[in-house]
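Below is one structure; the comments refer to it alone.
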Protein chains: 2
Amino acid sequence: MTNEVETLSNAITENGYRLTAARKAVIETLVACGGHVSADQLAKRVREVAPQVGRMTVFRTLEVLGKVGVIRPIYQGTGAAHYVLMHKGSHHHLICIRCHQVIDFDQCESGDLTQRLGQKFDFQVQSHLLEVYGLCKNCR
Amino acid sequence: MTNEVETLSNAITENGYRLTAARKAVIETLVACGGHVSADQLAKRVREVAPQVGRMTVFRTLEVLGKVGVIRPIYQGTGAAHYVLMHKGSHHHLICIRCHQVIDFDQCESGDLTQRLGQKFDFQVQSHLLEVYGLCKNCR
DNA sequence: TGCAAGTTTGAGACTTAATATCAGTGATAT
DNA sequence: ATATCACTGATATTAAGTCTCAAACTTGCA
Ligand SMILES: [Mn+2]
Ligand SMILES: [Mn+2]
Ligand SMILES: [Zn+2]
Ligand SMILES: [Zn+2]
């Protein structure tokens, strides 16, 4: 069991939800494919491993994981929401507005910023998403 | 005509698209309500002023505005994508994961960061979106 | 001005995504 | 064992997004 799976699982149990077999399957599949999938894409993959798991359960598990703050739906212009992992406290993208390529990056010095914001707005910061838009190497 | 309307209109014409009456109506309505609306919400409002404008035209105008970089669809967990204005080069949110309140803020010292990123990844930065998630004053 | 080529438009049909229901299962506590 | 409540998944329904096509409009050029 990878560390990510553990983090997501713990987030479930620590918030009073039950870590059922169906939810385990959803979490493991989501982590295995590194996020960036839609609910229906994920449901399809989950059912390759655990065919009994219904589509609704996938949607509901994603909802719970979002509620406890370890994943986040983002809009990628494909109709369906895609989910990214927030378990490290942040997620960062460079997105080309022409070819729609998404480049992940980890380094982000915005920790200070988010802390200051928290104070200013009396807000308990848990995580953040930074998306930078523009043109990639190939597209300009 | 407000400055925002002008910026969005110019983005249309400067990229070789035509600034038609229908597109003007969409832009004016979008700016008038400050963004943060879904395509269908916007279509409804546009038709209060310009009843002949079809739903498809609203979707297509939003697509064009996105392509030229002055608006951006975001996912707010409500099913439909919502559109925010990026004409100032950035957009920032504090979002409560419990009550889903969205607090806008303008100050963002991440200009440096995005510039460095641009160099590192050979990426021409145009704009960015920063969303900070957590619990608002009332929700903790 | 008259015409051709290309863009934009809007009605409607259609596909896909998301949500609501509800009876049934499984876990938990007493 | 029983009562209670969370969870599940099939199905139905609604909402959101996309596709198509003929008509209208622009624009550039003869
Ligand atoms: Mn990512
Ligand atoms: Mn905003
Ligand atoms: Zn690109
Ligand atoms: Zn709140």
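Quantities reported herein were computed from a predicted structural model and do not represent experimental measurements. Lettering follows sequence order; numbering is per chain, from 1.
Between B:Thr57 and A:Met56, the residue whose closest nucleotide on DNA chain C is further toward the 5' end is B:Thr57.
As a whole-Å value, the separation of B:Leu19 CG from C:dT9 C1' is 15 Å. A straight line from NZ of A:Lys67 to P of D:dA6 spans 12 Å, rounded to a whole angstrom. One atom, CG of B:Leu42, and another, C1' of D:dG17, lie 15 Å apart when rounded to the nearest Å. Whole-Å rounding puts the A:Phe59 CZ to D:dT14 P distance at 18 Å. Whole-Å rounding puts the B:Gln52 CD to D:dA24 C1' distance at 13 Å. In this structure, the CG atom of A:Asn15 is 17 Å from the C1' atom of D:dC7, given to the nearest Å. Rounded to whole Å, atom C1' of D:dG9 lies 16 Å from atom CD of A:Glu63. Spacing between atom CG of B:Asp40 and atom C1' of D:dT14 amounts to 12 Å, rounded to whole angstrom units.
Below the 3.5 angstrom threshold, one finds no donor paired with an acceptor across the side chain of B:Arg18 and the base of C:dT9. The base of C:dG10 sits with one of its N or O atoms less than 3.5 Å from a complementary donor or acceptor on the side chain of B:Arg60. A:Arg55 contributes a side-chain N or O that forms a donor-acceptor pair with the base of C:dA18 under 3.5 Å.
Looking at B:Ile12, B:Leu65, B:Ile27, B:Leu85 one by one, the single match for side-chain contact (heavy atoms from CB on, under 4.5 Å) with B:Val70 turns out to be B:Leu65.
At the phosphate of C:dA27, neither OP1 nor OP2 sits under 4.0 Å from any side-chain N or O atom of A:Tyr17. Between D:dC7 and A:Thr20, no contact under 4.0 Å exists linking OP1 or OP2 to a side-chain N or O. Between C:dT8 and B:Arg23, a contact under 4.0 Å exists linking OP1 or OP2 to a side-chain N or O.
Of the possible donor and acceptor atoms, one in the side chain of B:Gln41 sits under 3.5 Å from a partner among the backbone N and O of B:Ser38.
Residues A:His100 and A:Gln76 are not in side-chain contact: their nearest non-hydrogen atoms beyond the backbone lie 4.5 Å or more apart.
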Could you walk me through whether A:Arg45 and A:Asp40 pass salt bridge (charged side-chain N to carboxylate O under 4.0 Å, His left out), step by step?
-> CA-CA 9 Å; A:Arg45 292 210 190 193; A:Asp40 277 320; over 6 Å; no
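Around atom CZ of A:Arg98, no more than 12 heavy atoms belonging to other residues, nucleotides or ligands sit under 6.0 Å away.
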